[in-house]
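Below is one structure, written out as structure tokens; the observations come after it.
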Amino acid sequence: MQSTLDAMSQPNFFSLKDIPSNWVYEDDHTFAFLDNEPLAEGHVLVIPKFHSEKLQDLPEEEMKWVGPALIKVAKAIGAHDWNLLQNNGKPAGQVVKHVHFHLIPKPNEQEGLGISWPSKQ
């Protein structure tokens with residue numbers, strides 16, 4: 001599936017042609033493809049086409065399309081249980097300077113994203 005996003009017209013955005021990927025979804029506002037370094041089978045990146053580096057910079061008009069796309073992608077890959085991860089800023093682990101969401105299937109306790117939640121006291 002080819003994206004309609006003109007990545008070259010958006011500053012600081014990667015060229016979609018440079019990403020070796022398996023596309024799983026696209027609409028007018030978002031696209032999704034399998035992660036090249038998956039934590040589980042079906043690990044997908046869901047990306048708004050509007051360029052913004054951080055989530056708080058994404059206009060509400062564009063953000064409203066992300067939630068429905070996440071649900072459609074989860075259904076398309078057959079994920080029943082999953083984690084949703086969005087790294088927002090370098091200290092939080094963001095590497096690509098374009099907001100994106102990791103939809104990571106969690107088929108069992110061993111596969112997928114491992115979470116430890118150490119609370120501060």
Query raised in the report: Is there a path of hydrophobic side-chain contacts, each under 4.5 Å between heavy atoms of I, L, V, M, F, W or Y residues, that connects V24 with I104?
Result: no
Query raised in the report: Taking NZ, NE, NH1 and NH2 as the nitrogens, is one of them in E26 or K49 under 4.0 Å from a carboxylate oxygen of the other?
Result: yes
Requested in this report: Enter the distance from E37:CD to H43:NE2 here, rounded to the nearest 0.5 Å.
Outcome: 9.5 Å
**Report entry** Name of the residue among V44, N22, L45 meeting side chain to side chain contact (heavy atoms under 4.5 Å, CB included) with F33
**Finding:** L45
Query raised in the report: Does anything in residues 71-87 pair up under salt bridge (Lys or Arg N to Asp or Glu O under 4.0 Å), and if so which pairs, sequence neighbours excluded?
Result: none
Query raised in the report: Is it true that a side-chain atom of Q94 and a backbone atom of V96 form a donor plus acceptor pair closer than 3.5 Å?
Result: yes
Enumerate, atom names and distances included, each donor-acceptor pair closer than 3.5 Å involving a side-chain atom of residues 82-90, sequence neighbours excluded.
residue	atom	partner	partner atom	Å
N88	OD1	L55	N	2.8
N88	ND2	Q56	OE1	2.7

Query - Reported CG-to-CG distance for the pair L113 and L39, which is rounded to 0.5 angstrom - result: 6.0 Å
Report task. May I ask you to check whether over 12 heavy atoms, not counting those of E41, lie within 6.0 Å of atom CD? Result -> no
Query - Minimum heavy-atom distance between S116 and P118, given as atom pair plus value - result: O-CD, 3.1 Å
Requested in this report: Check whether Y25 and I77 end up in the same hydrophobic cluster, where Ile, Leu, Val, Met, Phe, Trp and Tyr are linked by side-chain heavy atoms less than 4.5 Å apart.
Outcome: yes
Query raised in the report: Short question: side chain of H98, backbone of P48 - any donor-acceptor pair under 3.5 Å?
Result: yes
Query raised in the report: CH2/W23 to CZ/F31 distance, rounded to the nearest 0.5 angstrom?
Result: 4.5 Å
Query raised in the report: Do W65 and I47 belong to the same hydrophobic cluster, where Ile, Leu, Val, Met, Phe, Trp and Tyr are linked whenever their side-chain heavy atoms lie under 4.5 Å apart, directly or via other members?
Result: no
**Report entry** Atom pair CG (L58) and CZ (F50), whose distance is rounded to the nearest 0.5 Å
**Finding:** 7.0 Å
Query raised in the report: Distance-only, no hydrogens or angles: does the K54 side chain make a donor-acceptor pair with backbone N or O of V99 under 3.5 Å?
Result: no
Query - Shared hydrophobic cluster for L70 and M63 (ILVMFWY, side-chain gaps under 4.5 Å) - result: yes
Query - K106 vs E111 side-chain heavy atoms within contact, under 4.5 Å - result: no
Report summary line: Closest non-hydrogen atoms of A69 and V46, given as atom of the first, atom of the second and distance, are CB-CG1, 4.2 Å
